[in-house]
Amino acid sequence: MCDADNTTTKKTIRVATGDRAILPEGAKTIPIYIMGKKYDVPETLTIMKAMEFAGFKFLRGAGCRGGICGACPTVYRMAGDYKLHYGLACQTVVEANMYLAQIPFFPANRAEYNIEEIGGAAEAIHALYPELFRCVACNLCTKACPMDVDVLGYISALKQGNIKKAAQLSFDCIQCGLCASRCMGEIPQYHIAQLARRVYGRYIQPRAEHLAKRVEEIESGKYDAMLQDLSAMSKEELEKCYVEREREPDMTAPGAWQPKETRYL
Amino acid sequence: MAYTPEMKELIKRVEATRPERLARARRGENYPALTMAEREEVLSKYHPDYQSDAKRTVQVGPNKGDTFQEGVARLLESRSIVRPDKVNLSTVDFDTDVLVLGGGGAGTSAAIMASQGGCRVIIATKLRHGDSNTIMAEGGIQGATQECDSPYYHYLDTIGGGHFTNQRDLVAALAHDAPLSIAWLESLGMIFNKLPDGRMDSRHFGGSSRKRMQSAGDMTGAEIMRVIRDEVRNRSNLITTLEFHPAVELLLDEEGKCAGAILMNMETREFSIVRAKAVVIATGGFGRLHIKGFATTNHYGATMDGVVMAYRAGVGNKCLHSTQYHPTGVAYPEQNVGLLITEKVRGLGAHVLNIDGEQFCFPLEPRDVESAELIREAMDVGKGIITPTGRVGLWLDSPMIEELHGPGTVKKELPAKFIQFERHGIDISKEPMLVYPTLHYQNGGINVNGDSETIIPGLYGAGEAIGGVHGENRLMGNSLQDIITFGRRAGRNAASYIQGGVTLKGLTLDHVVKFEKELAEAGIEDPAIAPILLPDYATEEVVERRWTEALTDRAALR
């Protein structure tokens, strides 16, 4: 909509605006095959922007456009090569003669549970996802992961009951579903990993005691009057308080430093 | 993708001027900073928030007489997707207690809290559940959890950072609830960066007096979103999630209470009517309007829908003229376009350069001034670098950092950025980065009070869609806290409002009829149709080949 208007400057430079690509004079195009059909697109574009350049408008298959939401998993193959490649459409650059298709959704079973009741034992995870033991360690899941997560590694850790290891290995998972799409054992890896991380965060990682204490203080109303006083101050008074506040030194460990002024803690 | 041979040729000009620039930097000399008068001038001429030619006054609605960016004003003065007099409101497709519009961090928190209060909830979201700006937030979430800190200092840091323009009850709510939000996330099983004894490994950030930034690696927002989305999926007895189902209009009842919304299934283009006793607007920001053509850090669906719908229902907004631009967004490679490059790069001594490898600005002006100077150099002076995809940028000479602070400094100080570029074949310790200002955050939004209530009974707001929490400038880590604090408040308060007994009268779209009459009376010609729902990235060539003029039936194309 409003993205064409800053091209009218003194020199009238035609530049790409927003996320809309243009083909500048003299730039090269390369052929790509979107679901088998040939389109010529500018080189260096991502698959996502190349498809938009070709005239596609995404409904599914586009989300954050920054490589973290998992909406745009894509499978491709180069002409004449047997090998399958996997990537995110927003993070993978087009190459000449690539044959691609998006897989914006892949069905995967998810089990419901109650985080309050599940507890920190691996048996609960095994009970919710018995298909975990259908893993044949073929490693296609890991090969398909666009985030380089060691999927087989965390599945194996879970089979052995090591929730902490599974949580850490799966931390970069964006839940795009490519692992599940390739799994011979029909395992919904990313849902199991999500469960493992929540169990780890809730039951295994040590809780923050200073946080629990602060919650008690807040709920007892300790800060209510202080916040009311601040809200009632003139701008000048606020500025004075703002300027006078002490700054915690950079190099001290969290929890180690105490300010001189302690009335408002 | 690595720099093309043509770009590598241009980099030689940067390398040619580098020894002399380094010598000056070592002598402590820098490009002179602007005087206050010069700042004013460059801002007024080149900064998108200041350029008067691109701004105008809106003529209708609650903010009548206020000035906005053209793209924002056009949507505030827009007409509905549906003809209100032809909609049959007697057939209700979904009946629920709370309808949450938006499936990001704020909406999802609201849904959980409303269900906690015993309510049946529908989350209606435009894309998939979780596709949002929340999931993209990297840095962290503020909360005064440590002993040396308190909500008092969180309040002060926040209002000082916002130049004291913030709405005070919202700041108080944020500072008060922040530790509660963190504790809630911890109890839901979110993994925080902690020391071995469980203490939060919190950090400083720009404008902080205490180490208040809690994080989960460099994907804090993604971890929050994954956990609370998973929690919603465990509550399927009370919460229904409708994906690819954005709201296009709010519904009121004959007494003026909020009473639901019209949804559109974007895949089948069917409409449906949801009757709800309370509605939460959590539709996020407006980055995808690409104000003035800027690239954005925002997700695909950030098109200001909630602000538009609320406006027609009589809920105004504040601070919406204020947009957070970051001077150094990535301009190349395409995969990273619009993403942020931290100010730290310039803090470590990297110069900003034009196509000839010349400096044209002091590298550490305030963000808005720096942005304006980059825009001037590229668009007015004409010394920007054009990428193979027709994007314009300027060099940020990161290899200088290695020369000034020793080999290995780039990788040590900027690990995430180093990897992000290395993945695409660019070694930023040896080659400069190409940058251009990018649109990051909608500082303003709809008017709510500290309880997340709007002036319409039963209508609540939370997250980037609301205005006033951050004033005209937001601190890092307060956006993730904003979505949790106000999302939770909205959900909890909607539930208690319903528990107090709500009887809905007949549904109506009279507010839309009235608003469109105002549009006509104000003589606004050819108003936009909004919410626009998704940006349109079709190229001019594609649009031309779609023969829009020669088509017999344009609707057939949809």
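The chains referred to below are lettered A, B, ... by the order of the sequence lines, with proteins before strands, and numbering in each begins at 1. The basis for the numbers below is simple: all heavy atoms, side chains too, and nothing from hydrogens, waters or symmetry mates.
- When atom types are taken as modelled, the side chain of A:R202 and the backbone of B:L188 share no donor-acceptor pair closer than 3.5 angstrom.
- Ion pairing between B:D536 and A:R20 fails under the 4.0 Å rule for side-chain N and carboxylate O.
- For A:K235, the parts lying near chain B are the backbone and the side chain together; criterion is any non-hydrogen pair under 4.5 Å.
- At distances below 3.5 Å, not a single donor-acceptor pair connects side-chain atoms of A:R197 with backbone N or O atoms of B:I191.
- With respect to A:R245 and B:D157, a salt bridge is recorded, a charged nitrogen being found less than 4.0 Å from a carboxylate O.
- In summary, B:E147 and A:K213 do not engage in a salt bridge, as defined by a charged side-chain N under 4.0 Å from a carboxylate O.
- When heavy atoms are compared at a cutoff of 4.5 Å, B:T296 does not approach chain A at all.
- Counting heavy-atom pairs under 4.5 Å between each of A:Y203, A:Y113, A:F105, A:Y223 and chain B puts A:Y113 at the top.
- Proximity to chain A (any heavy atom under 4.5 Å) is shown, for B:P333, by neither the backbone nor the side chain.
- Without hydrogens or angle criteria, B:E186 side chain to A:A208 main chain gives a donor-acceptor distance under 3.5 Å.
- No side-chain donor from either of A:T44 and B:Y332 sits under 3.5 Å from a side-chain acceptor of the other.
- Residue A:Y242 touches chain B through both its backbone and its side chain, counting heavy-atom pairs closer than 4.5 Å.
- For A:Q205 (side chain) and B:F192 (main-chain N/O), a donor-acceptor pair under 3.5 Å exists by modelled atom type.
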Derivation and outcome, side-chain contact (heavy atoms from CB on, under 4.5 Å), residues A:F53 and B:E541: CA-CA 9 Å; A:F53 180 88; B:E541 293 79 0; 5.5 Å; no
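- Interface remark: A:E261 contributes backbone and side-chain atoms alike to the contact with chain B (heavy atom separation under 4.5 Å).
- Side-chain atoms of B:Y300 come within 3.5 Å of backbone atoms of A:F58 as a donor-acceptor pair (strictly under, hydrogens ignored).
- Note on B:E267 versus A:R60: salt bridge recorded, some NZ/NE/NH1/NH2 to OD/OE distance being below 4.0 Å.
- If you measure heavy-atom distances from B:T4 to chain A, the contacts under 4.5 Å come from the side chain alone.
- At a 4.5 Å heavy-atom cutoff, the contact between A:C69 and chain B is made by backbone and side-chain atoms alike.
- Between chain A and the residues B:D131, B:N234, B:T539, the most heavy-atom pairs under 4.5 angstrom are made by B:N234.
- A:D229 does not touch chain B: none of its heavy atoms, backbone or side chain, sits under 4.5 Å away.
- Heavy-atom pairs under 4.5 Å with chain A were tallied for B:M219, B:M225, B:R545; the largest tally goes to B:M219.
- Looking at B:R212, there are no atoms closer than 4.5 Å to chain A (heavy atoms on both sides), in backbone or side chain.
- Ranked by heavy-atom pairs under 4.5 Å with chain A, the list B:H299, B:H424, B:R199, B:M266 is led by B:R199.
- One N or O on the side chain of A:R214 and one on the backbone of B:D149 form a donor-acceptor pair closer than 3.5 Å.
- For A:A256, no part lies near chain B; criterion is any non-hydrogen pair under 4.5 Å.
- Of the atoms belonging to B:H204, it is side-chain heavy atoms, and not backbone ones, that fall under 4.5 Å from chain A.
- Contacts of A:T252 with chain B are made by both backbone and side-chain atoms, with heavy-atom separations under 4.5 Å.
- Between the side chain of A:R65 and the backbone N or O of B:N298, no donor-acceptor pair lies under 3.5 Å.
- Residue A:E217 does not touch chain B at all, counting heavy-atom pairs closer than 4.5 Å.
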